[in-house]
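Contents: one structure, followed by commentary.
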Amino acid sequence: MSDSQATKASGARDKGAVRRLLAFAGPRRALTYLGCALSAVSMLVGFGPYVCVWLVARDLIAVAPDWGAATGIAAYGWWAFGLAAASILTYFAGLMCTHLAAFRCASNMRKRTTDHLMHASLGYFDTHASGALRRVVDGCAAETEGLLAHKLPDTAGSIAMIVGMLVLFFVFDWRLGLACLVAVVISLGCMFYMMGGRGMDFMTRYMESLVKMNKTGTEYVRGIPVVKVFQQTVYSFRAFHDAIEEFTRLAQDYAVKWCQTPQSLSLTIINGVAIFLVPAAILVAPGEGDFARFLANFAFYAIFSAVIPTAMTRVMFMSEAFQSAADAVSRVEEVLAAPVISAPAAPRTPAGNAICFEDVTFTYEGADAPALDHVSFEVPAGATVALVGPSGGGKTTAASLVPRFWDVTAGRVTLGGVDVREMDPHDLMDRVAFVFQANRPFRQTILENVRAARPEATREEALAALEAAQCADILEKLPQGADTLVGTGGTHLSGGEVQRLMIARAILKDAPVVVLDEATAFADPENEVKIQAAFRRLARGRDGSPRTVLMIAHRLSTVRNADKIVVLDAGHVAEQGTHDELLAAGGLYARMWVDYEKSVSWRITSGETKGTPCKGDSHFRTSSPCESDCPLCTKEPVPFVSPEVE
């Protein structure tokens with residue numbers, strides 16, 4: 001595509017962006033049109049004082065040196081004052097109109113994107129960083145607000161100014177006007193060179209780089225504790241450093257390599273119209289019969305040329321604003337295109353709490369291979385089924401399909417015999433409780449954090465849930481117990497304590513189906529014992545009946561008592577059965593179990609204590625068979641060699 005074609009395409013895109021923006025303003029878009037019209041009128045009225053100056057110069061030159069004979073000068077002065085005041089008031093009225101429309105547009109844009117995100121599938125937030133979304137919802141709306149409130153009326157005024165300027169160029173003396181026009185043409189040529197073609201491509205990459213830097217900056221701030229622990233700098237967070245470098249390089253390349261020469265030429269020309277006007281006047285003056293009138297015309301053009309830099313600067317900022325707005329509205333529309341969890345026209349109610357995966361295939365957007373490929377297994381009502389397998393096997397993906405964080409690509413996931421896509425989303429969420437791998441409590445009291453699952457729950461019910469989740473020791477050490485504020489400005493809890501808090505929330509919800517995703521991943525041994533006890537309580541309903549539990553774990557000790565274990569590998573079901581059945585089969589699970597046993601039996605011994613741990617991890621034995629009275633040890637030593645540290 002040539003530069004001219006790219007410029008035309010970008011211009012069409014910019015106009016389309018304005019139309020799409022005004023759609024967010026609703027009925028107030030009419031105020032935008034009115035404001036632009038008033039701005040244009042203001043610019044045209046603003047030419048009046050310059051005409052009055054020309055009239056004053058004409059009368060003074062005509063009666064020179066008898067200045068007193070110029071009796072109409074005072075009237076011209078009052079006319080100039082009145083026109084200037086009228087121009088200011090008209091422009092102010094225009095800005096009032098465009099600001100009202102711009103505020104409504106930005107408000108509606110934020111409301112629509114926020115409302116859409118509230119209904120978007122939860123999996124969407126796993127693939128879109130919060131920093132990037134905040135930049136779109138808040139930053140893009142702010143950019144478009146500036147365009148509609150200021151740049152758009154200024155654009156209308158600039159167009160009116162240029163048209164009026166071209167007319168005035170040829171009203172008094174077309175030859176002097178043509179000399180001034182040369183400066184305008186050269187300046188416009190420089191601007192089109194900067195803004196068209198590669199300039200548009202730069203603006204797109206510039207906005208992408210800005211979003212990327214915002215996203216990685218948010219991630220860096222969250223990772224500062226890790227950076228400080230290892231005494232590193234920003235260079236240790238490679239993504240953030242690279243984003244800053246990319247943004248810096250783009251800005252420098254555009255400013256220095258692309259814009260330096262044309263921008264310098266444009267500014268020189270529009271601020272030095274005299275280099276064209278004075279030679280033209282010198283060439284034309286000798287042939288003038290009415291030299292006094294010619295001199296008055298020259299004075300007008302010399303004064304009026306001061307308008308040219310203002311007009312050209314507005315055009316330059318106008319082009320930049322349109323490019324930014326086009327990119328901003330495109331990003332907002334991308335968010336509005338995010339998949340949402342829609343309710344079916346005739347929702348169905350499940351008959352029971354059994355979960356069934358029927359030939360399920362799921363592929364993430366942009367991925368080459370499916371994350372799940374023809375997966376089938378069942379979680380009977382009231383049973384506990386564990387998903388295990390190597391990292392990347394599809395465990396979390398499978399669990400996320402139950403509450404419709406994503407919708408399946410093929411096949412179906414059913415709850416109580418009903419496809420989850422045929423259920424009302426609110427009904428589905430009421431039936432499923434979650435405990436995620438990583439949780440972040442709200443900046444509220446512990447009590448309110450727990451009651452987030454069921455806001456209408458009483459204080460006694462919330463405290464009972466905390467007790468059932470083994471949180472008594474947490475409440476005892478806090479100054480205000482369950483009324484203690486957590487998060488920023490309050491008390492900070494450990495990862496295991498937060499996990500127990502989230503289990504209390506799930507217990508309070510009392511949903512018949514529970515999804516646990518790596519719930520003991522960040523727990524220390526003491527917290528893990530309490531979390532396991534909380535799990536046992538969570539697996540039972542308020543009436544004592546068993547809940548349907550689908551759990552994901554890497555610590556195989558947490559799943560050995562599950563009713564069924566499903567082993568996922570590379571998106572396929574490798575095997576399924578009970579713990580004993582899978583060990584007897586000698587497949588992937590059996591190999592994982594051997595590796596797990598080795599990992600938990602690993603110890604660092606001192607120079608004085610050398611030996612092998614017993615199977616119960618209760619002591620070290622220094623000979624074989626075990627000399628201690630340990631019922632867990634056999635006559636054969638554990639096939640494990642402990643590393644020694646002197």
query: Where is the tightest heavy-atom contact between Ala25 and Arg104, given as atom of each residue plus distance?
result: O-CG, 3.6 Å

query: Just wondering, do Thr98 and Leu31 contact through their side chains at under 4.5 Å, heavy atoms?
result: no

task: Could you tell me how the ring of Phe434 sits relative to the ring of Phe405: parallel (under 30°), tilted (30 to 60°) or perpendicular (over 60°)?
output: tilted

message: Working to the nearest 0.5 angstrom, can you tell me the gap between Thr114 OG1 and Arg112 CZ?
response: 12.0 Å

- prompt: Under 4.5 Å between any side-chain heavy atoms of Ile73 and Leu60, yes or no?
  reply: yes

- request: Look only at the side chain of Ser87 and the backbone of Ser42, and say whether a donor-acceptor pair between them is shorter than 3.5 Å.
  value: yes

query: Minimum heavy-atom separation for Leu148 to Ala102, with atom names?
result: CB-CB, 3.7 Å

- prompt: With no hydrogens and no angle check, is any side-chain donor or acceptor of Asp115 less than 3.5 Å from a backbone partner on Lys111?
  reply: no

field: Candidate pair Asp483 and Leu447, rule side chain to side chain contact (heavy atoms under 4.5 Å, CB included), full reasoning
entry: CA-CA 6 Å; Asp483 297 313; Leu447 193 67; 4.1 Å; yes

Shortest non-hydrogen contact between Pro403 and Ser400, atoms and distance: CD-O, 3.4 Å

query: Looking only at heavy atoms, which two atoms of Ala369 and Thr363 are closest? And how far apart?
result: O-CG2, 3.9 Å

field: Within-4.5 Å side-chain heavy-atom neighbours: Thr32 and Leu152
entry: yes

- prompt: Are Glu448 and Arg451 within salt-bridge range, i.e. N to O under 4.0 Å?
  reply: yes

message: Between Phe81 and Tyr76 (judged by ring centroids, cut-off 6.0 Å), do the two rings come close enough to count as a pair?
response: no

- prompt: Got a second to check how far Leu83's CG is from Thr90's OG1, nearest 0.5 Å?
  reply: 10.0 Å

- line: Looking only at heavy atoms, the pair that brings Ala156 and Cys36 closest together is CB-O, 3.4 Å

message: If you compare all heavy atoms of Trp79 against all heavy atoms of Cys52, which two are closest, and at what distance to 0.1 Å?
response: CB-SG, 3.9 Å

- request: Working to the nearest 0.5 Å, report the span between CG of Asp242 and CZ of Arg249.
  value: 8.5 Å

query: Taking the six-membered ring for Trp, are Tyr364 and Trp406 parallel (under 30°), tilted (30 to 60°) or perpendicular (over 60°)?
result: perpendicular

query: What's the spacing between His99 NE2 and His150 NE2 if we round to 0.5 Å?
result: 3.0 Å

task: Working to the nearest 0.5 Å, report the span between CZ of Arg28 and CZ of Phe103.
output: 10.0 Å

field: Backbone N/O of Gly35 and side chain of Ser39: donor-acceptor pair under 3.5 Å
entry: no

- line: Interatomic distance, CG@Asn108 vs OG1@Thr113, rounded to 0.5 Å, equals 10.0 Å

- request: Quick one: do Tyr91 and Val45 satisfy side chain to side chain contact (heavy atoms under 4.5 Å, CB included)? Show the steps, please.
  value: CA-CA 10 Å; Tyr91 182 63; Val45 172; over 6 Å; no

